[in-house]
Each structure stands twice: as C-alpha cells, then as structure tokens.
Amino acid sequence: AAKVAAARVSGGRAFLWLDESPDRRARVRRGEVVVVPTSGRAITDVPDGLVHDWIGGVFLPAATLDAALAFLQDYDSHAKYYAPEVVRSRTISRDGNHFVVFMRLMKRKVVTAIFDTTHDVTYRRLDAARASSRSRTTRVAEVEEAGTRDERQMPPGTGHGFLWNLDTFWRLQQRDGGVYAECQAISLSRDIPWGFGWIVRPILQDLPEESLRQTLQATREALARSGTARRQAPASRE
C-alpha cells in the first residue's frame with residue numbers, strides 16, 4: 001500500500017485514485033462520499049491480527065488547496081470537527097511540514113473503546129495544485145475508565161484490540177472549482193477469537209469503513225460551515 005501511495009506521488013500512477021474511474025469522479029462531484037476496500041477485500045488476515053485497507057474520496061466545492069491544507073493541519077481543532085471519534089487532539093510539535101500529533105480516539109460499535117494515540121505526519125506540496133501527506137501511529141494505547149479519576153492507559157497491544165496501528169495517506173488536488181480530497185486508511189486490529197467471529201467480525205469489518213466515511217464527510221462539512229474554503233490561509237511548503 002505504501003508503494004502504491006508513493007507511486008501516485010512520484011507519477012508512477014494517477015495521482016488521484018478518483019481519476020482512475022470516471023464513475024467515481026462523477027459521484028463525488030455530485031456530492032457523494034465514495035469509500036471502498038482498496039484491494040476489494042474488507043479484511044486481510046495476518047499472523048495474530050487483521051489488516052483493514054480502505055480508500056475514499058470527496059469533493060470540496062469552492063475550496064482551495066491552501067485552505068484545505070490549513071484545515072487538515074489545524075490539529076488543535078480536530079476534536080471539534082471530527083467528534084465524536086476524535087475526543088481530544090493537539091499538536092505536540094511542528095517543524096515545517098512535519099507534525100507530531102496526539103489524539104484520543106473513540107471507537108464505538110456495540111462496545112466503546114478509547115485510545116490515546118501519537119501520530120507522525122509529513123506533508124508534501126507537489127505543485128500549486130497538488131499536495132499529499134502520510135501519517136503513521138507511533139503509539140496506540142487503550143484507555144480504561146476514560147474520563148474518570150481511575151483512568152489508566154493499558155499497555156500497547158492489549159485491550160479490545162480494535163486499533164493497534166493506523167497509517168493514513170491524504171492526496172489533495174485543486175481543480176474544477178474546488179478540491180478533490182481522498183484518503184487511504186490502513187489499520188491493524190486484533191484477530192478474531194475462536195468461537196466469537198459472529199460477534200467480533202461485524203465490529204472489526206464495519207468500524208474502519210465508518211471511520212473513513214465520517215472523516216471525509218466531516219472534512220467537507222467543516223470546510224463549508226466554517227468558511228475556511230473562502231480564506232486563503234498559507235500552507236506549509238516542502
């Protein structure tokens with residue numbers, strides 16, 4: 001997946017996944033949020049875990065690339081725009097187009113799990129109309145009794161296991177009177193305990209898709225609602 005994402009940035013493949021299908025591109029222009037498994041499979045089994053690889057796209061009408069980048073890089077406000085999944089968010093450090101970010105995430109599907117996560121994020125401004133980013137988690141710890149005085153972080157790799165690792169790749173292109181925004185999210189979760197597949201598999205299968213769809217939808221709504229699309233905020237350059 002990382003190689004494919006790199007090929008899109010380097011010119012080895014179409015920059016936008018949306019451009020590989022006229023139907024997909026037309027659907028997002030009509031206002032749809034299109035999300036599908038990247039390889040056609042919702043879940044891939046790996047030793048002791050499951051990989052979830054989803055990709056989706058949305059069109060941000062009247063937006064500019066600078067405004068979209070400024071919004072995505074405003075991590076201190078992500079809890080406002082991406083609630084309820086993002087409970088807390090803040091920038092730990094920034095060096096040019098490199099960010100280290102903290103987020104408290106909530107995964108809720110039948111049961112609720114809270115995770116404290118740290119992300120290493122790098123943006124690239126390819127030209128006047130295109131930009132990309134890659135984010136990877138450097139730490140994921142489930143939180144017990146979140147929000148109470150008994151709150152505590154569990155050791156990474158323990159707990160419900162809905163999220164053990166997460167890599168995301170954003171690609172943005174300004175054209176056609178707005179910005180095409182697409183995101184690929186690759187996550188690792190626990191495997192399914194023997195005998196509990198009928199309970200756990202629907203949770204693990206649905207959560208990644210729902211999360212990506214909500215992220216893209218919230219991005220479009222937030223840009224339109226806040227008027228960010230009309231502000232020419234400067235974006236970091238490579």
Contact summary for [X] and [Y], nearest pair of heavy atoms:
X      : Y      : result
Glu151 : Gly147 : OE1-N, 2.8 Å
Pro155 : Thr158 : O-OG1, 2.5 Å
Ala131 : Leu65  : CB-CD1, 4.0 Å
Arg8   : Ala14  : NH1-O, 2.9 Å
Leu172 : Ala181 : CD2-CB, 3.4 Å
Val121 : Tyr75  : CG1-OH, 3.4 Å

**OP:** Would you please indicate if the ring centroids of Phe115 and Phe162 are separated by under 6.0 Å?
**Re:** no

According to a hydrophobic-cluster definition based on side-chain heavy atoms being under 4.5 Å apart (Ile, Leu, Val, Met, Phe, Trp, Tyr only), do [X] and [Y] belong together?
X      : Y      : value
Val101 : Val143 : no
Leu188 : Phe169 : yes
Phe99  : Phe102 : no

Subject >> Test applied, side chain to side chain contact (heavy atoms under 4.5 Å, CB included); reference residue, Thr138; option that passes from Asp120, Thr117, Asn165 >> reply: Asp120

Subject >> Within 6.0 Å of CZ in Arg175, more than 12 heavy atoms from elsewhere >> reply: yes

**OP:** Decide if atom CG of Asp95 counts as having more than 12 heavy atoms of other residues, nucleotides or ligands within a radius under 6.0 Å.
**Re:**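 Open.
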
Is the closest side-chain heavy-atom distance between [X] and [Y] below 4.5 Å?
X      : Y      : value
Val36  : Trp17  : yes
Leu105 : Ile114 : no
Ile92  : Thr118 : yes
Val33  : Arg220 : yes
Leu166 : Ser187 : yes
Arg125 : Asn97  : no
His52  : Leu163 : no
Asp53  : Thr44  : no

Gap between atom [atom2] of [Y] and atom [atom1] of [X] - 0.5 Å precision:
X      : Y      : atom1 : atom2 : value
Arg134 : Gln184 : CZ    : CD    : 10.5 Å
Arg171 : Cys183 : CZ    : SG    : 8.5 Å
Asp23  : Leu18  : CG    : CG    : 11.0 Å
Tyr81  : Thr215 : OH    : OG1   : 15.5 Å
Glu182 : Leu16  : CD    : CG    : 4.5 Å
Leu72  : Leu223 : CG    : CG    : 7.5 Å

Subject >> Whether Phe59 and Tyr180 hold their rings parallel, tilted or perpendicular, with breakpoints at 30° and 60° >> reply: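 Answer is tilted, since the angle falls between 30° and 60°.
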
Can you confirm whether the side chains of [X] and [Y] place a donor and an acceptor under 3.5 Å from each other?
X      : Y      : result
Glu210 : Gln214 : no
Arg139 : Gln153 : yes
Thr219 : Tyr82  : yes

Original post:
Among Arg25, Arg27, Arg24, which residue meets the salt bridge (Lys or Arg N to Asp or Glu O under 4.0 Å) test with Glu32?
Top reply: Arg27

Any carboxylate oxygen within less than 4.0 angstrom of a Lys/Arg side-chain nitrogen, looking at [X] and [Y]?
X      : Y      : result
Arg13  : Asp19  : no
Glu142 : Lys107 : no
Arg90  : Asp76  : no

**OP:** Taking Ser77 for its side chain and Lys80 for its backbone only, find out whether a donor-acceptor pair lies under 3.5 Å.
**Re:**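 Flag not set: sc Ser77 to bb Lys80 has no pair under 3.5 Å.
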
